2 protein chains.
Amino acid sequence: MSSRSGADLALLLLGSYRNLVDEVVRELATRGYPDARPSHEYAIRAIRAGADSASDLARRLAITKQAAAKTIAALVERGYVTTETDPADIRRKNIRITDHGIGLITESTAIFDEVRARWEVRLGAAELAELERQLAQFVGDSPINLDAPGWAAGQELR
Amino acid sequence: MSSRSGADLALLLLGSYRNLVDEVVRELATRGYPDARPSHEYAIRAIRAGADSASDLARRLAITKQAAAKTIAALVERGYVTTETDPADIRRKNIRITDHGIGLITESTAIFDEVRARWEVRLGAAELAELERQLAQFVGDSPINLDAPGWAAGQELR
DNA sequence: CACTGTAGTCAACCTGGTTGTCTATCTTGG
DNA sequence: CCAAGATAGACAACCAGGTTGACTACAGTG
């Protein structure tokens, strides 16, 4: 499969990503977050990193503010964040991450790292670090936008 | 970014895949295939590899036959394939790839390989080969069969 | 020949996005 | 001080690429 073809390389990259993320989502479900989707995690991380309004989140994730609003609605629905009108600018709705939301990214981070640690055992620490360094070269100058429809979404696990 | 965090590793993998595929789609558009989507390429490759009916394609891509039928409809619409009723089994509709479809995967393969070659220049041939070998390990024990690109969906057989 | 399995279709729905349009509210330059 | 413009958010319609579920038509077999 690592057959020196560009198309195969694409499948290797996508397959690795999906393996990693599917595992995290599956494990999150068993740890009390059965309704968490990858996009939720990314969104909460962005909010925690400072995106405190829908427009802000939209810029951060490089998606439209309508899409960001939908994501926030999903997060509110699941109890990961709350919103309240900004007293200083009543157009804005400030986002606050709930304890449940904090729990989600805490667990999610831990699981991601656990899976990465297993990969490290298989590959060796130096090799995995090297792999990451190489991938970083490919991705280096592009912003972290997850804008193409469905790409961060993956499938519902069954 | 290559910060030894599992979450970052996921973004590196996804980002690399997207960089690669976006480039291919962009370049394909300039070479006479402005409406080609990644899923079209994978579908035509699967058809060329032997999936000659909707149900067959569905099994190969590990998606539902309804989804496969939609994809085929899109391919027919764009002139990449044609379908005709199988004379020996009038339930089946045999898929045939048109010259336009052949052209698409020919160009697509070439572009994929061009981008891979550029990566090879940046990384070195041995390093890229090593990276592919490592990625193959991650997808290797996956329940998803990448040889018959089953990455696209969940793992349970239908 | 009846039964079971398979090919394909229709319809409704989901997720995570997109445009385009609109109002309400801030902010700033003259 | 205020009109003009920028910004925040919401609503509606839509798209891609999947999903379930229910269904018909046909094929192959015991």
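The model shown is predicted, which means the values in this text are computed figures rather than measured ones.
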J.: Is the distance from the ring center of B:H40 to that of B:Y33 below 6.0 Å?
T.: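 Ring-ring flag for B:H40/B:Y33: false, centres at least 6.0 Å apart.
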J.: Could you tell me whether A:T64 contacts a base, only the sugar-phosphate backbone, or nothing, with contacts defined as non-hydrogen atoms closer than 4.0 Å?
T.: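 A:T64: base contact, heavy atoms under 4.0 Å.
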J.: Using 4.0 Å as the upper bound for N to carboxylate O, is an ion pair formed by A:R116 and A:D113?
T.: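 Judged by the 4.0 Å cut-off on N to carboxylate O distance, A:D113 and A:R116 do not form a salt bridge.
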J.: Nearest whole Å is fine: how far is C:dT15 C1' from A:L61 CG?
T.: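 After rounding, the gap between these two atoms is 16 Å.
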J.: Partners of A:F112 by ring pair (Phe, Tyr, Trp, His ring centres under 6.0 Å), sequence neighbours excluded?
T.: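 Once residues adjacent in sequence are excluded, A:F112 has no partner under the ring pair (Phe, Tyr, Trp, His ring centres under 6.0 Å) criterion.
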J.: Out of B:R60, B:R92, B:R96, which one pairs with B:D52 under the salt bridge (charged side-chain N to carboxylate O under 4.0 Å, His left out) rule?
T.: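 Testing B:D52 for a salt bridge (charged side-chain N to carboxylate O under 4.0 Å, His left out) against B:R60, B:R92, B:R96 leaves exactly one candidate, B:R92.
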J.: Side chain to side chain donor-acceptor pair (under 3.5 Å) with A:S108: which residues, sequence neighbours excluded?
T.: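 Once residues adjacent in sequence are excluded, the partners of A:S108 under the side chain to side chain donor-acceptor pair (under 3.5 Å) criterion are A:E41, A:R45.
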J.: Base, sugar-phosphate alone, or nothing: which one does B:A54 contact when heavy atoms must sit under 4.0 Å apart?
T.: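 The answer is sugar-phosphate, as B:A54 gets under 4.0 Å only of primed atoms, P, OP1 or OP2.
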J.: Are B:V76 and B:I72 side-chain neighbours, meaning at least one heavy-atom pair lies under 4.5 Å?
T.: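 Of all side-chain heavy-atom pairs linking B:I72 with B:V76, at least one is under 4.5 Å.
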J.: For C:dG8, does either OP1 or OP2 sit under 4.0 Å from a side-chain N or O belonging to B:S55?
T.: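 Yes, within the criterion.
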J.: Once you round it to whole Å, what is the distance between P of D:dG17 and CG of A:L14?
T.: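 Atom CG in A:L14 sits about 14 Å away from atom P in D:dG17.
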J.: Mind checking what makes side chain to side chain donor-acceptor pair (under 3.5 Å) contact with A:R118, not counting sequence neighbours?
T.: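 Only A:E23 meet the side chain to side chain donor-acceptor pair (under 3.5 Å) criterion with A:R118.
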J.: Give the rounded distance in Å between these two atoms: CZ of A:R59 and P of C:dG17.
T.: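 Going from A:R59 (CZ) to C:dG17 (P), I get 17 Å.
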J.: Write down the distance between OH (A:Y42) and P (C:dG16), rounded to a whole number of angstrom.
T.: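 For the pair A:Y42 OH and C:dG16 P, the rounded distance is 12 Å.
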J.: Quickly work out the A:L75 CG to C:dG17 P distance and round it to whole Å.
T.: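 Computing the A:L75:CG to C:dG17:P distance gives 11 Å.
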J.: OP1 or OP2 of C:dG8 versus the side-chain N and O atoms of B:S53: is any pair under 4.0 Å?
T.: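 True: B:S53 side-chain N/O within range (under 4.0 Å) of C:dG8 OP1/OP2.
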J.: Check the distance between C:dT6's P and B:N94's CG and give it to me in whole angstrom.
T.: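 In whole Å, C:dT6 P and B:N94 CG are 18 Å from each other.
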J.: Take B:A69 and A:H40, find for each the nucleotide of DNA chain C with the closest heavy atom, and name the residue whose nucleotide sits nearer the 5' end.
T.: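 Comparing both residues, the 5'-ward one is B:A69.
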J.: Sort and list the pairs that fulfil side chain to side chain donor-acceptor pair (under 3.5 Å) and have at least one residue in residues 73-82 of chain B, not counting sequence neighbours.
T.: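 Listed by first then second residue: B:D35-B:Y80.
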J.: For A:E84, is there any backbone N or O sitting under 3.5 Å from a side-chain donor or acceptor partner on A:N94?
T.: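 Absent.
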J.: In B/S/- notation, 5' to 3', how is nucleotides 22-27 of chain C contacted by protein heavy atoms closer than 4.0 Å?
T.: --BBS-
J.: Between A:R92 and D:dA10, is there a side-chain N or O to OP1/OP2 distance below 4.0 Å?
T.: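 No, no such contact exists.
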J.: At under 4.0 Å, does any side-chain N or O of B:R37 touch on OP1 or OP2 of D:dG17?
T.: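 B:R37 to D:dG17 OP1/OP2: side-chain N or O found under 4.0 Å.
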J.: Show me the protein contacts with nucleotides 10-12 of chain C, counting only N or O atoms at under 3.5 Å.
T.:
none

J.: Between A:T98 (side chain) and A:G79 (backbone), is there a donor-acceptor pair under 3.5 Å?
T.: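 Yes, the answer is positive, given that a donor and an acceptor are paired below the 3.5 Å cut-off.
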J.: Quick one: B:K93 NZ to D:dC26 P, roughly how many Å, whole number?
T.: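 From B:K93 NZ to D:dC26 P: 12 Å.
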J.: Using whole Å, what does the distance between atom P of nucleotide C:dG17 and atom CG of A:L57 come to?
T.: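 Those two atoms, CG and P, are 10 Å apart.
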